[in-house]
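Data first, discussion second: the structure below is written as structure tokens.
Please read all numbers here as calculations on a predicted model, not as lab measurements. The first residue of the sequence shown is numbered 1, and numbering continues consecutively from there. Heavy-atom basis, side chains included; hydrogens, waters and symmetry copies ignored.
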Amino acid sequence: GDLNRNPGVTEVHTHLMHGVLHSNGFGHLLRINGHERGSVMLSGTQLMGIWERLCYSLRVRDVSVEDVSRKHGMDYRLLHCAAYGGTWYGRWGYMFG
């Protein structure tokens, strides 16, 4: 059963960021683990800055984001939209698809 199941990348919190960049110019940002997810060094905003610079330097054409953030059992993307009128990723131009 589930005891031997390997967790997916969106379930693991031991890395700061997980993204995929393809040679065709497309990318996928799958996870950001800043201060609130255990990082003692970098905030989510700083990690997004690194991601944005990496994408710009490699001339990535388009990036999708899978927002799986949760706070106190609720989807963070919904809480952020209600509180600020847009997604957290919206600060960098990412939108709901």
task = Measure from the side-chain N and O atoms of Arg91 to the backbone N and O of Gly86, and report whether any donor-acceptor pair falls under 3.5 Å.
result =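 Side chain of Arg91 to backbone of Gly86, a donor-acceptor pair under 3.5 Å: no, none is there.
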Check: Glu52 side chain, Gly49 main-chain N or O, donor-acceptor pair, under 3.5 Å =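 No: the side chain of Glu52 does not pair with the backbone of Gly49.
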message = Measuring only between side-chain heavy atoms, which start at C-beta, is Thr87 closer than 4.5 Å to Tyr94?
response =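 Contact flag for Thr87/Tyr94 side chains = no.
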inquiry  = Could you check whether any side-chain heavy atom of Leu29 comes within less than 4.5 Å of a side-chain heavy atom of His18, counting everything from C-beta outward?
reply    =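 SC-SC contact between Leu29 and His18 ruled out.
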Listed partners of Leu21 passing side chain to side chain contact (heavy atoms under 4.5 Å, CB included), at least two apart =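 Scan of Leu21 (side chain to side chain contact (heavy atoms under 4.5 Å, CB included), adjacent residues dropped) gives Trp51, Leu54, Cys55, Leu58, Val60.
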Single-linkage hydrophobic cluster Phe26~Met17, side-chain heavy atoms < 4.5 angstrom =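 Hydrophobic grouping puts Phe26 apart from Met17.
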ask   = Transitively linked via ILVMFWY side-chain contacts under 4.5 Å: Leu47 with Met41?
value =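 Looking at the clustering, Met41 is in the same group as Leu47.
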Side chain to side chain contact (heavy atoms under 4.5 Å, CB included) between Leu16 and Ile32, worked out = CA-CA 6 Å; Leu16 297 177; Ile32 292 281; over 6 Å; no
inquiry  = Holding to side-chain hydrogen bond (donor to acceptor under 3.5 Å, both in side chains), I want the full list of residues that pass it with Thr45, two or more places apart in sequence or in another chain.
reply    =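 With neighbours one apart ignored, the set is empty.
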Pair Val65-Trp92, side chain to side chain contact (heavy atoms under 4.5 Å, CB included): steps then yes or no = CA-CA 11 Å; Val65 174; Trp92 293 275; over 6 Å; no
request  = Kindly compute the distance separating NE2 (His22) from NE2 (His28), expressed to the nearest 0.5 Å.
outcome  =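 So the NE2 of His22 and the NE2 of His28 are separated by 3.0 Å.
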